[in-house]
Q: 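Before we start, here is the structure in question, set down as C-alpha cells.
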Amino acid sequence: MISTPIRRLSRAQKMILSWYSINGRQGLPWRTTRDPYRVLVSELMLQQTQVSRVIPKYAAFIADFPTIQSLADAERTAVLRRWQGLGYNNRAVRLHALAKLVRDEYGGRIPRDYEGLRKLPGIGPYTAGAIMGFAYDSPAPCVDVNIQRVIARIGWDAKRGVSHDEIAEAALRLVTASRSPHEWHSALMDFGSTVCTAKNPGCASCGLRGICASKGARGDENDASAPQSRFSGSVRWHRGQVLRALLQGPKTVQELQSIKSADKELLQEAIAAMERERLIKLRGMRVILRNDG
DNA sequence: CTCCCGACTA
DNA sequence: TAGTCGGGAG
C-alpha cells in the first residue's frame, strides 16, 4: 500500500530517536535544566541566533540573572549589556519586560500553559511550544524552520510542496505520540542541524534513506530568498555602534557621529529608529539609553 | 561574499 | 502580509 506522510513520519520518529540517543548534541547548557526561566532565556536567545553564539552568552546571562526575580529587579541597561553581541536587542528589552510582568502580575510564576506563555512579550508561537516541551515536557505545537524542513522532507516529496498547516498538524501529532516532548524536539533539532540540513543534506549517510520522501534532494527545495544585503556600514551596523557607545554612558549626537567609520545620515536614521522603538531618548543634544518604556 | 532564522509592527 | 530587527563565523 501507499505510505502516507503520517505513516512515514511515524516510522521516521523511531529512527530519529535512536539516531539521537547516539549522536545527539551533549552539553547544551539549557538541556540540563527544566527551570522554565532558564529554558525561556535560552529560547529567546536562540531566536535568530546560532547555538554556538548563544552558549557563552547564556552562561554569562544566567550568572548575572539567575532567577526571573533578579532579572526583573535589574536595570534595563544591565540586561542590554549582557545581551551585547547577540543582536536583535529588542529581544532583550522584551525579555526584561517579560520578567517585570511576571513579577508584578503573575506572582513571579511563569505560566505553565501554551496560551498563557503566548501572552508574554517576545513569546510567539514557536517559543511558547518550545518552552512547553523543554521546561514542562508537555506536547504543544512547536515548529521552527528546522523542524518544518525535516518533517516536510520526510513526509512529502520535496519536488511537490506541502502547506505549513499540514506540517504543523503532523508535527503536533508526532510530539503528542512521543513519550517525551523534550527528548523528541531535541532529537528533531539535532537531526535537522547536523544531518537534514537546509543545504547539502547528508542523505548519503542518513539512516532514513529508505523511508524519506525526499531522499537525495539537493536541499533548498523552495528557496526564493533574496541575497542578503551587507551588514557592515548598514543602518543595522550603525544601530549596534550607537548601542555599544551608549552602554558606556550618555553621549552627544556629535560624539556619536565621531564613531569610527560612521556615516552621518545612516547614523541619524539609526538614532531615529531607536528612538521610535523607545530604546533611547534625546535630552537636548544628549542621547541616553532608556531604562523604561 | 553567504549563512543563520522568530516576533512584532504597520 | 511585507518589512524590520544582528553580528560573527566560514
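Numbers restart at 1 for each chain; the letters A, B, ... are given by sequence-line order, proteins then strands. In what follows, every heavy atom counts, from backbone to side chain, and hydrogens, waters and symmetry copies are set aside.
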Q: When the P atoms of C:dG6 and B:dT9 are considered, how many whole Å apart are they?
A: 15 Å

Q: A:R91 near the nucleic acid: base, sugar-phosphate alone, or nothing, with a heavy-atom cut-off under 4.0 Å?
A: nothing

Q: Without decimals, in angstroms, what is the distance between A:R278 CZ and B:dC8 C1'?
A: 16 Å

Q: Among the candidates B:dC8, B:dC4, C:dT4, find the nucleotide nearest to the side-chain atoms of A:R236.
A: C:dT4

Q: With nearest nucleotides of DNA chain B determined for A:Q50 and A:T127 from heavy-atom distances, which residue corresponds to the more 5′ nucleotide?
A: A:Q50

Q: Charged N to carboxylate O under 4.0 angstrom, A:D292 versus A:R278?
A: no

Q: Taking for each residue the nucleotide of DNA chain B with the nearest heavy atom, is it A:T49 or A:R94 whose nucleotide lies nearer the 5' end?
A: A:T49

Q: Need one value for A:Y126: base, sugar-phosphate or nothing, where a base atom within 4.0 Å counts as base even if backbone is also close, heavy atoms only.
A: sugar-phosphate

Q: Nearest-Å distance, CG (A:L80) to C1' (C:dC5)?
A: 13 Å

Q: Whole angstroms only, please: what is the CG-P distance between A:L117 and B:dG6?
A: 18 Å

Q: On the nucleotide C:dG6, are OP1 or OP2 found under 4.0 Å from the side-chain N or O atoms that A:N89 carries?
A: yes

Q: Any side-chain to backbone donor/acceptor pair from A:T32 onto A:P29? Under 3.5 Å, distance only.
A: yes

Q: Side-chain contact test, heavy atoms from C-beta onward, threshold under 4.5 Å: evaluate it for A:E43 versus A:Q47 and give yes or no.
A: no

Q: Heavy atoms from C-beta onward define the side chain here; which of C:dT4, B:dC4, C:dG8 lies closest to that of A:Q228?
A: B:dC4

Q: Rounded to the nearest Å, what distance is computed from the CG atom of residue A:L46 to the P atom of nucleotide C:dG8?
A: 17 Å

Q: Nearest-Å distance, OH (A:Y88) to P (C:dG3)?
A: 16 Å

Q: Does A:F191 reach the side chain of A:L208, with side-chain heavy atoms less than 4.5 Å apart?
A: yes

Q: Among B:dC8, C:dC5, B:dA7, which nucleotide sits nearest the side chain of A:P125?
A: B:dA7

Q: Charged N to carboxylate O under 4.0 angstrom, A:E183 versus A:R179?
A: yes

Q: Separation of A:H164 atom NE2 from B:dG6 atom P, in whole Å?
A: 10 Å

Q: Take the protein atom NZ of A:K119 and the nucleotide atom P of B:dA7, then report the distance between them rounded to whole Å.
A: 16 Å

Q: Rounded to the Å, how far apart are A:E277 CD and B:dC8 P?
A: 14 Å

Q: Please work out if A:S52 contacts a base, only the sugar-phosphate, or nothing of the nucleic acid, heavy-atom cut-off 4.0 Å.
A: nothing

